[in-house]
2 protein chains.
Amino acid sequence: MATMRDVAQLAGVSTATVSHVVNGTKKLSPETTEKVLMAIAEANYTPNTLAKSLRSGQTHTIGVLVEDIRGLPVAGIVSGINETLSKSGYRMILHDLHLLEKLYNQYEQIGSYRQRINNGVSLLQSSNVDGIIYVGMHDRHLDYLFDPMETPLVFAYSHGTQQDTYVTYSNQDSAADMTRYLLSKGHERIAVIAGHPHSYPTARRMHGIQMAMQQVGLVIPEEYIRYGNWEYESGIDQTRELLKLPVRPTALFAMNDLMAAGCMRVLNEAGLRIPEDMAVVGFDNREIASYLQPPLTTIQLPTTEIGTSAALHIMEKINNPSTPPVREIIHCSIIERLSV
Amino acid sequence: MATMRDVAQLAGVSTATVSHVVNGTKKLSPETTEKVLMAIAEANYTPNTLAKSLRSGQTHTIGVLVEDIRGLPVAGIVSGINETLSKSGYRMILHDLHLLEKLYNQYEQIGSYRQRINNGVSLLQSSNVDGIIYVGMHDRHLDYLFDPMETPLVFAYSHGTQQDTYVTYSNQDSAADMTRYLLSKGHERIAVIAGHPHSYPTARRMHGIQMAMQQVGLVIPEEYIRYGNWEYESGIDQTRELLKLPVRPTALFAMNDLMAAGCMRVLNEAGLRIPEDMAVVGFDNREIASYLQPPLTTIQLPTTEIGTSAALHIMEKINNPSTPPVREIIHCSIIERLSV
DNA sequence: ATAATACAGATAAACGTTTAACTCGCATCG
DNA sequence: CGATGCGAGTTAAACGTTTATCTGTATTAT
């Protein structure tokens, strides 16, 4: 590999001059510039990133800490991050925390959870990353962990701590939008199969739904609201309960596609037609949504956009450390299929 | 950040001594070692990776080039790679080629395809990675591209070129296994909904199926073999054709879960019960397989294992450059559900 | 004419390690 | 007793850049 010294020798100048030509850090005479460029081409010179970083203290590398790359929204976000970073000449060190096995619910293992995050952060810091993007939802302990960190940090997907930059999607507005969509299709008796009762997304989405109803002077009766646990089976169970009601809803808003799939199965078995007898909508636009019968109308999470935006924010923070924290909430779009 | 010089000063020794303590590269007196260790602890010293790499020429970093992280098997493989690498103190630079939009089929865009790969490789090489793992299936042009590369290279998922190390899964054996499984359940009239007719997996899986049949003295009649294109709709179309046959098969082997889902829909609509009237199996174990009615018996790709193994191979190659190429084919397992 | 300024480029010190070569004292040995 | 070898630690060069400071010449202002 040719070094700067080789080029300098070839062009008959000093390495300083070569450096200035390469980086455009100083005005040089056209002749010298030309000579150097020729020499660079001839030697097939490419600057050594390590030396550059060692000297300058910047690696042009972003550490991306993901809870689990196998989670679908995570992959989309990483994809967006990567695309945006590469366009600006940044690399990405990915570190997977392997948190898909839900140990974060089990108190005795929280230590191990923290441990994994700490290890991840150490790994990234030892890689001299210029900034870190944390991708995931389970950020409860992060404020504690990241506190003593001087590296710029952006949360993607999760909300981070209040004093940090994050970019996420809108739970409330999206749910409200979907509700309005159902209303616009003439549905007034809308039932909800919510997620886990004490979870943040459940609360926000519920709020959005109720707001949208209220705006048109309607209210969801208590017996139309059923809480599941995000899983397929709970969609089944809760829908069965709903069908027992004396006055049936005409539309069913499941807070994710998995539960919506459960709904549809029950409706099918009960001989109800979708959407004629009952409309169903979901949330997430997972792969399964396209293959349900009928294909499910649902909400698309803006994963790529979240990634893109997080990447832009981290670069901004790096180049301008005094940037105030940004809280960005990206809107979701409705994917219209045939279940309404 | 404390440097080696600080530690040396604190301990009253030279930096060389500190280096030797840190790396265990030379036998030193217990007293000196102790002094140095104390100083390291006191200064909270952690070695600078950049300086280390610059000097030693090793970065302990692997470049992972993926065709598209949003592809499901890809995420699993990356997950496996990452876990194994971190355990050995390696980092991972991930670069996504964003190839999910199927431009590789369009001849006029092959240039752009190559371009993207070249850019990716350049990015990784400029990051001074110690080795590269290529994750993807579309490796047709790679031998051409990687030829002038001196960096150790391992293919994961795809077959790479014949003279390179790769690790993939077994198409033929898995299909044979599944066929034997069907046979063991008493099915003799097995129909196949194959993938795209000229694709490699289709050919290998077909071969596996036919071998397994032959071994018990059976043969699949030509009209039981139908070619789709891996998509849901083609599962639907081909199953309709199969149902027109005078003698119906008792089992249906779709070469992926999407087509199997299509099959099941048609069978449902035709009023046939699964598995009583017809058994169905798929391939891939995508998310959808669990949520079909009944849940689909299918084949699990060993994604994590592929990743793990690829990571081990690349580290082996780095530490021992003369390692001969390894061709590893990992076996898939059958996920038994209720569709047989 | 002379001082001040601008310009183009060179010099050399850093950045934080690793490691070959060296020093120095001490035991070993024929 | 001089040569030899060894053990423990030091010295300093090297890895390939960046960049503050310096030099020397040309331009401009007074």
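Being a predicted model, the structure only gives us computed values, none of them experimental. Below, read A as the first sequence line, B as the second, and so on, with proteins coming before strands; counting in each chain starts at 1.
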Worksheet item: For the base of D:dT18, is there a side-chain donor-acceptor partner from A:R55 under 3.5 Å away?
Response: yes
Discussion item. Side-chain N or O of B:T17 versus OP1/OP2 of D:dT10: is the shortest distance under 4.0 Å?
Written reply: yes
Worksheet item: Taking the side chain of B:K27 as its heavy atoms from C-beta onward, which of D:dA8, D:dT18, C:dT18 lies nearest to it?
Response: D:dA8
Worksheet item: So, A:H98 and A:E67: side-chain donor and acceptor under 3.5 Å apart, yes or no?
Response: no
Worksheet, complete the sentence: Taking C:dG16, D:dA8, D:dT19 as options, the one with an atom nearest any side-chain atom of B:L54 is C:dG16
Discussion item. Distance check needed: D:dG16 P versus B:K52 NZ, whole Å only.
Written reply: 19 Å
Worksheet item: Is B:K317 salt-bridged to B:D164, cutoff N-O under 4.0 Å?
Response: yes
Practice prompt. Would you indicate what A:S29 reaches in the nucleic acid, counting non-hydrogen atoms under 4.0 angstrom: base, sugar-phosphate, or nothing?
Written response: sugar-phosphate
Item to complete: From the options D:dA12, C:dG16, D:dA8, select the nucleotide whose nearest atom is closest to the side chain of B:A51.
Response: C:dG16
Practice prompt. Please report, rounded to the nearest Å, how far the C1' atom of C:dC15 is from the CG atom of A:N128.
Written response: 12 Å
Practice prompt. Find the distance A:N48:CG to C:dG16:C1' and express it as a whole number of Å.
Written response: 14 Å
Worksheet item: Is the phosphate of C:dT18, meaning OP1 or OP2, less than 4.0 Å from a side-chain N or O of B:S19?
Response: yes
Worksheet item: Are A:Y157 and A:Y134 close enough that their ring centers fall under 6.0 Å?
Response: no
Response to the item:
Out of C:dT17, D:dT10, D:dT19, minimum distance to the side chain of B:S14 belongs to D:dT10
Fill in: Protein-nucleotide distance (B:H20, atom NE2; D:dA8, atom C1'), rounded to Å
11 Å
Discussion item. Rounding to an integer number of Å, can you tell me how far B:R5 CZ sits from D:dA12 P?
Written reply: 13 Å
